[in-house]
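In what follows, a structure is listed as structure tokens, so that the remarks can point back to it.
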Amino acid sequence: MSLPQTTLVDGHGRSVTYLRLSITDRCDFRCVYCMSEDMTFLPRSQVMDADELVAIATAFVRQGVTRIRLTGGEPLIHPDLLTLVSRIKALPSLRELTLTTNGARLDTLAEPLKQAGLDRLNISLDSLKPDRFRRLTRTGRLDKVLAGIDAAQAAGFARIKLNTVMLRGRNDDEILDLVRFARHRELDLAFIEEMPLGDIVEHDRALSFMPSDAVLSRIEEHFPLRRSAEETGGPARYYRMDDSPIRVGVISPHSNNFCGSCNRVRVTASGRLLLCLGNDNAVELRPLAGQPERLEQAIDDAMIHKPERHHFSLNEPTSIVRFMNLTGG
């Protein structure tokens with residue numbers, strides 16, 4: 001029997017059908033664009049438990065959300081991950097359940113995740129050079145991530161997507177190598193402009209900024225691209241190559257604002273509903289997790305406050321102090 005559904009519509013007429021649900025703020029990497037090296041995480045008492053996460057997912061599906069992405073931090077470190085996946089996937093009317101991961105634990109978890117009902121994976125991969133990968137992640141091992149990609153493909157996951165955050169002078173010399181790797185492995189690939197969230201001191205974001213058009217220009221020198229009309233429900237613009245089945249995408253929060261078609265909201269691991277990636281307006285949902293009707297009403301009431309767009313600037317101090325591990329990818 002299907003859940004009764006309403007439709008979430010924000011104050012600008014956009015239907016909200018996509019939830020990014022952070023299940024933990026913790027991560028086993030310390031990526032330079034995501035968090036500080038000496039990171040302080042939330043006390044565990046402030047992180048939602050499995051029942052609260054499922055209650056919030058249920059409320060959104062009842063309100064018309066059809067896609068949920070589990071994020072973190074790093075969701076693969078969550079002790080109840082497999083149970084969470086199976087419980088959320090079982091929600092009537094949910095069309096797709098996906099997960100974003102650094103891939104380091106997929107070598108043992110890919111097959112169980114597939115069996116639990118997970119539909120699709122996004123895997124972060126910022127370099128194909130082991131030493132550089134270690135520097136960018138501070139703690140990660142490239143061989144573990146590559147083994148995770150192998151395991152995910154062996155488990156039968158389709159349309160696996162690699163995500164690469166582009167940093168000028170750090171990994172932009174690997175653009176073509178990453179495209180070749182994706183072509184060889186038949187994996188989709190998205191290049192992402194760095195999000196200006198959290199006070200990063202490891203590098204200057206203005207100097208490391210690599211616009212999406214520059215990335216596409218480098219690819220086109222070797223692999224002609226044609227714009228794809230496919231829509232995936234996310235912010236990426238996708239391109240195809242005539243001699244490969246993969247898609248190459250760009251996500252451009254700076255250079256090509258995608259807010260006009262925004263269909264998503266985020267819930268942090270502590271239960272705060274974030275209505276926009278680039279704004280701090282939020283609604284506390286966790287206290288209502290045991291009260292389904294009040295929870296749904298709070299979600300519905302919040303939509304009128306979803307901003308029309310974000311305003312990111314490379315030339316001004318960071319206005320959003322929360323790091324990406326708190327925001328959810």
Checklist entry - Can you find a side-chain donor-acceptor pair between Q115 and E111 that sits under 3.5 Å? => result yes

Exercise. Check whether any side-chain heavy atom of V283 lies under 4.5 Å from a side-chain heavy atom of L285, and answer yes or no.
Key: yes

Rounding to 0.5 Å, atoms CD (E221) and CD1 (I175) come to a distance of 9.5 Å

Pairwise side-chain contact, L113 with L82, heavy-atom cut-off 4.5 Å (strictly under): yes

Less than 4.0 angstrom from a charged side-chain N to a carboxylate O is my criterion; do R62 and E296 meet it?
yes

Sorted by chain and residue number, the salt bridge (Lys or Arg N to Asp or Glu O under 4.0 Å) partners of R294 (sequence neighbours excluded) come out as none

Between D188 and the options R247, R183, K161, R240, the salt bridge (Lys or Arg N to Asp or Glu O under 4.0 Å) test singles out R247

Sorted by chain and residue number, the salt bridge (Lys or Arg N to Asp or Glu O under 4.0 Å) partners of D242 (sequence neighbours excluded) come out as R226

| field | Ion pair R134/D131, N-O distance below 4.0 Å | value | no

Q) S252 and R237: side-chain donor and acceptor closer than 3.5 Å? A) yes

_Tell me whether the count of non-hydrogen atoms from other residues, nucleotides or ligands lying under 6.0 Å of CD in E186 goes above 12._
no

When K89, R95, K114, R67 are each screened for side chain to side chain donor-acceptor pair (under 3.5 Å) with D119, the one that passes is K89

